[in-house]
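What follows is a short report on a single structure.
Every chain is numbered from 1, with letters handed out A, B, ... down the list of sequences.
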Amino acid sequence: MQNADFSRNLLQWYQHHKREMPWRGELDPYKIWVSEIMLQQTRVDQATPYFQNFISLFPTVYDLADADQQQVLKAWEGLGYYSRARNLHTAAKTVVEEYNGKVPESYDEIIKLKGIGPYTAAAVTSIAFNAPNAVVDGNVIRVLCRYFGIEDDTRSSKTSRMIQEEADELIDPEHPGDFNQALMELGSEVCTPTNPDCENCPVQAGCIATKMSKTEVIPYKSPAKKKPHHIIGVGIVENEEGQVLIALRPEEAMLGGLWEFPGGKQKEDETISETVERELHEELGVEVKAYKELMSLKHAYSHFSITMHAWFCKLVNGTPSPKESQEIKWVKTEELERYPFPKANKVLTERLINDKN
DNA sequence: AATGCGGGGCT
DNA sequence: AGCCCAGCATT
């Protein structure tokens with residue numbers, strides 16, 4: 001199948017099957033940019049409500065550049081990969097300060113911005129500026145590996161380069177934005193990881209994996225490393241005014257800029273209440289008594305999983321001061337909603353708020 | 001080239 | 001329980 005036929009078939013299919021998305025048809029490169037950052041490693045359905053809310057809070061790149069990081073992280077709360085939000089915020093300031101508020105139009109310029117890599121640079125320039133740069137995301141990797149019969153390990157960077165070259169060769173220079181989106185949509189809706197709907201694929205005629213009955217083994221991805229599991233103990237420290245103590249995670253740490261209940265990993269030969277008491281001594285320089293468990297929960301992060309035990313604590317001796325965290329704060333239960341928390345801690349705040357009522 | 005970085009939905 | 005998702009930054 002020639003490139004022109006591939007593109008014609010693909011774009012015709014796309015015209016009839018494309019899903020509605022709030023950023024589709026959007027001409028403002030800032031909004032395209034925001035959508036693409038949110039869509040990194042994130043499904044359309046999960047990102048959509050966040051996009052609506054984010055744009056209503058920060059309608060222009062100036063609004064975003066002027067915002068506090070805490071506002072930006074609050075808007076990102078629950079979406080994950082929070083470095084995306086911090087980098088997007090940084091990049092918005094760069095665009096305002098160094099590009100006069102205009103998103104740079106060239107691939108080589110836009111990729112210099114924090115949080116914009118090869119995928120996002122190609123996506124924004126092709127969709128917003130009609131530049132013939134091919135995107136390679138998880139969908140495109142799957143579609144092109146099958147179409148060209150590439151059986152190499154998709155985890156290796158050599159394979160990524162090969163797929164990028166194929167995509168650059170294949171892209172329709174007349175309709176780069178639609179071509180890119182159509183290829184991703186095809187991967188999402190037809191050329192799915194399991195049980196691809198090959199009978200309804202617009203480019204099935206040229207697909208090697210279909211011809212060889214290898215759609216179930218292509219793309220090949222080498223096995224992932226097993227994730228470790230940790231037991232975590234955290235303390236809910238209350239004072240006489242009914243406030244609880246929360247801590248701000250350091251900027252450079254995982255979940256940087258988000259708030260949490262202080263705590264840490266259980267050690268061998270230690271009960272979980274002892275863990276809480278030891279961790280709070282190390283992190284806040286105080287002596288506490290962990291006297292009652294609030295709840296426990298399981299949570300999976302990107303590279304490890306935890307079982308978290310949350311214990312109510314009484315302050316026995318000392319005044320809390322931030323040691324490992326950037327800042328600490330006493331807040332009323334109903335004020336917890338103002339602060340950005342990662343998921344596992346968010347569950348705890350909701351439990352505290354509900355128990356109060 | 002390899003690793004760290006969230007959370008949710010599907011299998 | 002594991003896999004995947006409109007990946008990027010850092011080492």
Side-chain angles (χ1 to χ4, degrees), chain A residues 18-19 21-24 32-51 73 76-88 90-91 110-124 126-127 133-143 153-161 163-164 167 177-189 191-196 216 219-229 249 252-258 260 297-306 340-347:
Chain A
K18 69 174 175 184
R19 292 168 289 173
M21 300 176 192
W23 49 85
R24 280 219 163 128
I32 303 292
W33 172 24
V34 170
S35 74
E36 291 298 346
I37 300 297
M38 286 192 174
L39 288 167
Q40 289 169 5
Q41 296 289 286
T42 305
R43 290 170 196 283
V44 168
D45 290 344
Q46 189 189 359
T48 296
Y50 282 88
F51 175 82
L73 287 172
W76 212 270
E77 184 187 47
L79 196 53
Y81 285 150
Y82 298 94
S83 64
R84 293 183 295 175
R86 299 192 301 267
N87 290 338
L88 175 59
T90 300
I110 201 172
I111 202 172
K112 293 178 186 168
L113 295 172
K114 278 283 187 200
I116 297 192
Y119 165 79
T120 309
V124 175
S126 66
I127 296 170
N133 303 315
V135 300
V136 175
D137 74 330
N139 291 305
V140 174
I141 289 171
R142 187 171 54 257
V143 172
D153 184 1
T154 57
R155 216 180 274 282
S156 92
S157 48
K158 192 165 58 179
T159 310
S160 303
R161 280 198 297 279
I163 296 168
Q164 181 72 61
D178 278 348
F179 181 93
N180 280 335
Q181 294 181 82
L183 205 53
M184 294 190 282
E185 193 90 345
L186 186 70
S188 172
E189 302 300 300
C191 194
T192 49
T194 57
N195 303 316
E216 294 303 323
Y220 168 71
K221 194 173 189 181
S222 54
K225 216 173 56 173
K226 220 186 103 178
K227 300 178 186 179
H229 184 264
R249 294 184 58 82
E252 66 281 4
M254 173 182 165
L255 305 171
L258 297 170
E260 67 178 359
L297 59 90
K298 292 181 186 298
H299 185 75
Y301 294 102
S302 52
H303 54 302
F304 64 94
S305 59
I306 61 167
F341 287 92
K343 175 66 180 175
N345 279 270
K346 180 76 173 172
V347 171

**Request:** Verify side chain to side chain contact (heavy atoms under 4.5 Å, CB included) between A:Leu73 and A:Arg86, making sure each step is shown before the conclusion.
**Result:** CA-CA 7 Å; A:Leu73 287 172; A:Arg86 299 192 301 267; 4.1 Å; yes

**Request:** May I ask you to say what A:Thr120 touches in the nucleic acid, namely base, sugar-phosphate or nothing, with a heavy-atom cut-off under 4.0 Å?
**Result:** sugar-phosphate

**Check: A:Glu77 main-chain N/O paired with A:Tyr50 side-chain donor or acceptor under 3.5 Å** = yes

**Message:** Please find the pair of heavy atoms, one from A:Ala344 and one from A:Leu297, that lie closest to each other, and give the distance.
**Reply:** O-CD2, 3.7 Å

**Request:** Mind listing the residues from residues 177-187 of chain A sitting with a heavy atom below 4.0 Å of DNA chain C? Number order is fine.
**Result:** A:Met184, A:Glu185

**Request:** Determine the Euclidean distance between corresponding P atoms of C:dA6 and B:dT11; express it in Å to zero decimal places.
**Result:** 14 Å

**Message:** Quick check: on DNA chain C, is the nucleotide nearest A:Ala224 upstream (toward 5') of the one nearest A:Pro118, or the reverse? Name the residue that is more 5'.
**Reply:** A:Ala224

**Complete:** Its 5'-most and 3'-most nucleotides having an atom under 4.0 Å from a non-hydrogen atom of chain A, DNA chain C is contacted over C:dC4 to C:dT10

**Request:** Please list, chain by chain and in numerical order, all residues satisfying side chain to side chain donor-acceptor pair (under 3.5 Å) with A:Ser126, sequence neighbours excluded.
**Result:** A:Asn180

**Item:** Short side-chain donor-acceptor distance under 3.5 Å, A:Arg84 and A:Gln41
**Value:** no

**Item:** Flag for A:Asp153-A:Ser222: side-chain donor and acceptor within less than 3.5 Å
**Value:** yes

**Request:** Only counting residues at least two apart or in another chain, list the ones meeting side chain to side chain donor-acceptor pair (under 3.5 Å) with A:Glu189.
**Result:** A:Arg19

**Prompt:** Expressed as a whole number of Å, how far does the P atom of C:dC8 sit from that of B:dG8?
**Reply:** 22 Å

**Item:** With A:Thr194 via side chain to side chain donor-acceptor pair (under 3.5 Å) - residues at least two apart
**Value:** none

**Complete:** Heavy-atom contacts, protein to nucleotides 6-11 of chain B, under 4.0 Å, summarised as B (base), S (sugar-phosphate only) or - (none) per nt, yield BBB---

**Prompt:** Do you know the tightest heavy-atom contact between A:Lys114 and A:Ala91?
**Reply:** O-CB, 3.6 Å

